[in-house]
There are 2 protein chains.
Amino acid sequence: MNKYADIQAKISDSGLKVTHQRTVILEAVHNMNSHPSVEQIYDYVKESCPSISLGTVYKTAETFVEKGLIAKVSTHEGHMRYDPKLDNHGHIYCTNTAEIVDYYDEELNEVIINFFKKKKVSNLKIKNITLQINGDKIDPDKEISIK
Amino acid sequence: MNKYADIQAKISDSGLKVTHQRTVILEAVHNMNSHPSVEQIYDYVKESCPSISLGTVYKTAETFVEKGLIAKVSTHEGHMRYDPKLDNHGHIYCTNTAEIVDYYDEELNEVIINFFKKKKVSNLKIKNITLQINGDKIDPDKEISIK
DNA sequence: TCCTAAATAGGAATAATTCTTATTTAAGAA
DNA sequence: TTCTTAAATAAGAATTATTCCTATTTAGGA
Ligand SMILES: [Mn+2]
Ligand SMILES: [Mn+2]
Ligand SMILES: [Zn+2]
Ligand SMILES: [Zn+2]
């Protein structure tokens, strides 16, 4: 029920010291629901933690990725973004607005999972698989939808 | 037969002026067969064009992408790489060695193409779809293979 | 051969990210 | 509860990646 305690439990469970900075950063990535950049996380957490440094946000985000608490996504232009969702899903990246939209499709998931089950990839320890659609949003004011 | 003339025809056909710099850069991306970074292209072309500037390589690579002469790939770490192959294929990115390996699978291609034919993505002009497997190469001296 | 818009070189500027080090702090031990 | 210490953080310097600026050069059409 208590979000804050929940977040702290996640940090602690992954073997990390629970600090105020880590707590607000993980909370931010979860609450912003927009695949934020480090700079955006930084701006967001400065509200509740004004003395936090940008370097800490960079380091902490990577620490969380290593521990599997969040995921990272690189855009078609090569910029890093962070994602609180850890389940299998694809991303739509808008080249003109820089927004990232999640999409879920059970069928597509299975096809890809099955493919890599069937075809053995040898000499590689797979970390993750990403499926990304890149394109321009036509009307930037409207949403993208997958029917 | 003549590679050089071939390359120049491609540049010219896409509506660009044929310069020595553009010729050697496009030739480099084709010949290096390793999804090179700008810096790597720069080092390669300096042999045949010692006065070329790094800024020209950056600009030219993007120009080629816009004209559809090459493709760009961003790694899991958010670094840009260039690819002479324009057909549908996936990439394996090795987190530890930074190498990118192509893989082709007709079946997987079709499933993905069909998915986006079936499901209409609205308010988005799709530019491209990327499927990338990220992982660590276990033995860095051996190759990765997909059976 | 001439003309001109486009391309390039060279370097400055900016953006993105990492590193360094002094100081602070979480959390386990006493 | 206090002590201890390894780990985390702030602050800013340094590095890396990329873009921008401008004087000069050049491709290619007239
Ligand atoms: Mn960048
Ligand atoms: Mn980078
Ligand atoms: Zn996502
Ligand atoms: Zn490729």
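First the proteins, then the strands, lettered A, B, ... as listed; each starts at 1.
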Taken to the nearest whole Å, NE2/A/H79 to C1'/C/dT14 is 12 Å

Would you say a side-chain N or O of A/T56 is under 4.0 Å from OP1 or OP2 of D/dA10?
yes

Grab the CZ-P distance between B/F64 and C/dT8 for me, whole Å please.
8 Å

Expressed as a whole number of angstroms, how long is the span from B/E39:CD to D/dT15:P?
16 Å

Aromatic ring pairing A/F116/B/Y103, orientation class (parallel under 30°, perpendicular over 60°, tilted between):
perpendicular

Interatomic distance, A/I11 CD1 vs C/dT25 C1' [rounded to whole Å]:
15 Å

Are OP1 or OP2 of C/dT25 and a side-chain N or O of A/Q21 less than 4.0 angstrom apart?
no

Side-chain contact, heavy-atom cut-off 4.5 Å: B/I126 with A/N134?
no

Taking atom C1' of C/dT17 as reference, at what distance in whole Å does atom CG of A/L54 sit?
9 Å

5'-most by nearest nucleotide on DNA chain C - A/K17 or B/S53:
B/S53

Report the distance from atom CD1 of B/I52 to atom C1' of D/dT26, rounded to the nearest whole Å.
15 Å

Using a heavy-atom cut-off of 4.0 Å across all strands, would you classify A/V38 as base, sugar-phosphate, or nothing?
nothing

Do the side chains of A/T75 and A/H91 get nearer than 4.5 Å, heavy atoms only?
no

Residue-phosphate contact under 4.0 Å: A/T60 side-chain N/O, D/dA8 OP1/OP2:
no

Could you tell me the separation between the CD atom of A/E66 and the C1' atom of D/dA7, rounded to a whole number of Å?
14 Å

Value in whole Å for how far the C1' atom of D/dT9 lies from CZ of A/R22:
10 Å

A/T130 side chain to A/Q132 side chain, donor-acceptor N/O pair below 3.5 angstrom
no

Hey, which sits more toward the 5' end of DNA chain D by its nearest nucleotide, B/K59 or B/G78?
B/G78

What about the rings of B/Y104 and B/H89, do their centers lie closer together than 6.0 Å?
yes

Within the pair A/Y58 and C/dT18, is there a side-chain N or O less than 4.0 Å away from OP1 or OP2?
no

Using the closest heavy atom to pick a nucleotide of DNA chain C for each, name whichever of A/H20 or B/G55 lands nearer the 5' end.
B/G55

